[in-house]
Amino acid sequence: MKTLFFVEDDESLQDIAQLVFREPKFTVRVFNSAEELLDERDVPHVYVLDKQLPGIDGLELCRILKSNTQTNGIPVVMVSADPNIKVLAASAGADAVLEKPFSIHELETLVANVRTQIS
Amino acid sequence: MDTSDGKKIRPGQFSHHGEGSSDLPESLDSCLLDLRRAEETIRYQHRQLFQLEERYNELFNSLDEAFCIIEILFDNNAHPIDYRFLKVNSVFEEQTGIQNPLGRTMREIAPEHEQQWFEIYGRIALTGEAERFEHAAEALGRFYDVYAFRIGDPKDAQVAVLFKDIAERKRRDELQAYLLQLSDTLRSLSDPIQIQEAVTQLAMHHFKADRCYYCEIENGKATIRRDAFRGNLTSVSNVYPLDNFPILTAAINGGSPFVVYDAHTTTLLDEELRQLCIQLQVISFVDVPVIREGNPCGMLCITCCEPRNWTEAEIEMARETAERTWVAVEQAKAGEALRESEENYRSIVSQSIAGILKVSLRGNVIFANDQFCRMLDYDSPELLKLGINDIVYREDQERNMVAFKKLASEGEAYEIEKRMVRKDSSVIWVNNHVSPIFDKKGNVEAATIVSIDISRQKELERQKDEFIGIASHELKTPITSIKAYGEILVGMMDKTTAPIIVQLITKMNIQVNRLVKLIYSLLNTSRISSGQLALQLEPVDLNALLEEHVLQGQLTTSRHHIAFSGQKLPLVLADIERLGQVVDNLISNAIKYAPKGGDIIVSAESRSDCVRVSVQDFGMGIPKSMQEKIFDRFYRVKGASAEAVSGIGLGLYICHEIIEKHHGKMGVESVLDEGSTFYFELPLHTVR
């Protein structure tokens with residue numbers, strides 16, 4: 001079973017992520033903040049990060065992940081309400097980007113694709 | 001010399017009797033000869049004398065001046081009291097009006113003759129010193145220029161007088177002096193009332209009248225502000241309706257002076273007016289109207305308490321005075337009006353809460369009112385040294401120059417919002433209304449600007465945009481959730497799900513999508529205003545983009561048929577997503593504004609320097625007056641169908657901004673009730 005780490009502080013989106021990516025597709029773990037994630041030793045098959053986070057923001061987190069040898073091979077999908085997210089995410093090293101509000105289908109497709117790309 | 005017996009002998013010769021009686025026949029001959037010679041001489045001398053006298057008379061009478069010889073008569077105290085005329089020439093009568101003067105004395109002829117005459121002539125007779133003088137002779141109604149000298153035996157007290165009546169010249173001189181004084185007086189005064197006061201005084205004295213007044217005639221009323229009057233007379237200054245004086249009014253309207261010699265006897269007045277005149281002691285008068293464009297606008301009146309025969313010259317002078325007075329009064333009034341108006345404008349400009357300034361065509365500040373100086377925190381002398389580009393914010397200078405140059409060449413006023421830089425380099429937003437000032441030839445020579453500080457409004461706008469931005473940003477996350485829930489629900493529906501639930505969920509999703517679009521619009525507007533919209537440009541073949549969005553658009557309507565015909569297009573640099581939004585918006589507008597359905601034609605053509613994309617509908621069209629405004633924020637065309645005009649009108653504004661950011665142009669062509677074609681042009685992507 002593949003794991004997906006979803007870093008998002010909004011409860012309902014956490015909820016939705018669980019619903020969308022639930023088994024048999026993924027095992028989903030939800031983190032409330034970048035700090036919480038960084039405390040975690042385990043690594044997933046894919047990260048999905050919201051840009052807007054309390055504390056360190058998603059972009060910074062992405063950079064950290066990408067510069068860490070342990071995690072830099074793992075695909076990162078950035079999610080944001082910021083329409084400029086495409087540019088920002090690219091410069092932070094993200095592998096895919098999705099602008100809120102998006103459809104579930106879009107998210108599912110993107111995650112599936114990005115996995116394929118990386119692997 | 002005659003002898004006692006009548007014979008003429010040569011002087012020096014004497015007769016003696018007795019001696020040399022034998023000489024008698026010879027001496028008789030020589031006597032006769034002498035006699036004859038003597039006769040001839042005497043005759044000759046008579047002739048000479050006669051000729052001389054004739055010549056003398058000729059001269060006497062050929063003088064164009066009057067000439068006379070008078071004998072001075074003295075009283076017991078050797079005081080000259082009279083003179084008698086001994087001889088006069090032919091011009092004498094004309095110059096004095098005295099007929100048959102010879103033998104008569106001056107006192108007889110004119111008892112009122114001035115004493116000085118007798119004094120002067122007496123003096124000449126006594127001293128023998130000739131005199132040249134000028135003197136009035138009122139009794140004769142003359143004024144003489146005189147040269148007099150003693151003639152003959154001093155004890156005869158005879159004086160020769162050469163004289164000329166210069167009354168006419170004197171009168172002319174007096175008139176000139178009067179007119180000069182009038183001119184000087186009028187020139188030095190600028191208050192209409194002072195002018196009337198001065199003129200009436202001057203005229204009264206010159207004409208030796210008892211009263212003089214000037215009327216301003218306007219709107220059927222005669223206004224007398226000041227009048228000059230003598231002694232115990234009363235002022236008549238007041239406002240008089242002309243209707244009360246029909247006779248006078250009729251005369252005035254005729255345009256000629258109304259002259260009355262004697263109010264008691266004249267036929268020109270009716271009883272009522274006569275009594276009034278007598279009551280006011282206006283016995284003789286001259287009323288001179290001033291006519292302009294056929295209407296009386298002023299009148300000068302000169303009156304006397306006694307009957308008087310006004311002369312032509314006096315009436316003419318009165319007319320001249322009236323004319324000059326009117327002109328001076330009008331000038332003074334105009335001057336006053338001008339001063340008042342200037343004062344008015346000056347106070348409006350200086351107290352204005354708007355900044356007002358004037359700039360030359362070259363952009364130099366020629367004038368700035370206090371408010372404008374305050375706006376930029378300069379004092380006036382500092383500001384006058386500056387030009388436009390010293391006070392306009394650098395980024396706005398080009399745009400500003402373009403507008404200003406257009407005004408200079410076409411003379412059309414315009415409004416512009418821009419930033420200006422204060423003395424301390426801080427920036428304010430202003431709304432300027434710029435109007436041209438023309439020279440006499442109709443060319444623009446300067447510009448007046450009314451400038452209002454809108455920094456506060458701009459700040460409010462910015463805050464509003466910021467708020468909209470934050471709010472819509474915040475809305476996105478919950479919307480994402482709702483949308484996601486909606487989609488999950490859809491995913492959970494199957495054949496067993498109750499139709500009502502399917503319906504409700506479907507409808508809910510539609511609304512959620514609308515909400516998403518709305519939030520996008522709001523957010524984009526605020527982003528555009530704050531300049532945050534960043535485009536991701538890449539070379540794009542528009543055909544693919546247009547085809548895709550046409551298909552999507554077609555899915556949203558069954559009443560319309562959207563056609564797209566593509567042709568080979570060069571690449572343009574574009575943000576695919578944003579441009580897609582523009583195309584979506586144009587297509588959905590076409591659908592909205594042709595609610596009855598019909599064709600929508602989407603096309604793209606390649607032009608020399610751009611690619612032009614058009615979306616054409618055959619719906620309600622847009623009135624010409626609104627075509628400029630539809631790209632404004634929040635502007636909506638009023639259409640017949642309520643459904644057709646839902647939406648908050650952000651779409652076209654955002655599209656316009658997006659196209660502008662692509663360095664393109666966007667516009668519309670439309671005819672009411674026939675349809676509209678929205679188009680945008682994008683510059684070609686040139687590969688460097």
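Here is the naming used below: chain letters follow the sequence lines, and residue numbers restart at 1 for every chain.
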Please report the interatomic distance [atom1]([X]) to [atom2]([Y]), rounded to the nearest 0.5 Å.
X      : Y      : atom1 : atom2 : value
B:T480 : A:D10  : OG1   : CG    : 8.5 Å
A:D15  : B:Y485 : CG    : OH    : 3.5 Å
A:I16  : B:E487 : CD1   : CD    : 9.5 Å

In this structure, are over 12 heavy atoms from other groups packed under 6.0 Å from [X] atom [atom1]?
X      : atom1 : answer
B:M493 : CE    : yes
B:K418 : NZ    : yes
B:E398 : CD    : no

Listed by chain and number, what are the side-chain hydrogen bond (donor to acceptor under 3.5 Å, both in side chains) partners of B:K458, not counting sequence neighbours? B:E417
Does A:S91 have any side-chain hydrogen bond (donor to acceptor under 3.5 Å, both in side chains) partners at least two apart in sequence or in another chain, and if so, which?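 Expected list: none.
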Using the ring-ring contact (aromatic ring centres under 6.0 Å, His included) criterion, which residues pair with B:H662? Sequence neighbours excluded. none
What parts of residues 35-44 of chain A touch chain B if we use heavy atoms and a cut-off under 4.5 Å?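 From residues 35-44 of chain A, none sit under 4.5 Å of chain B.
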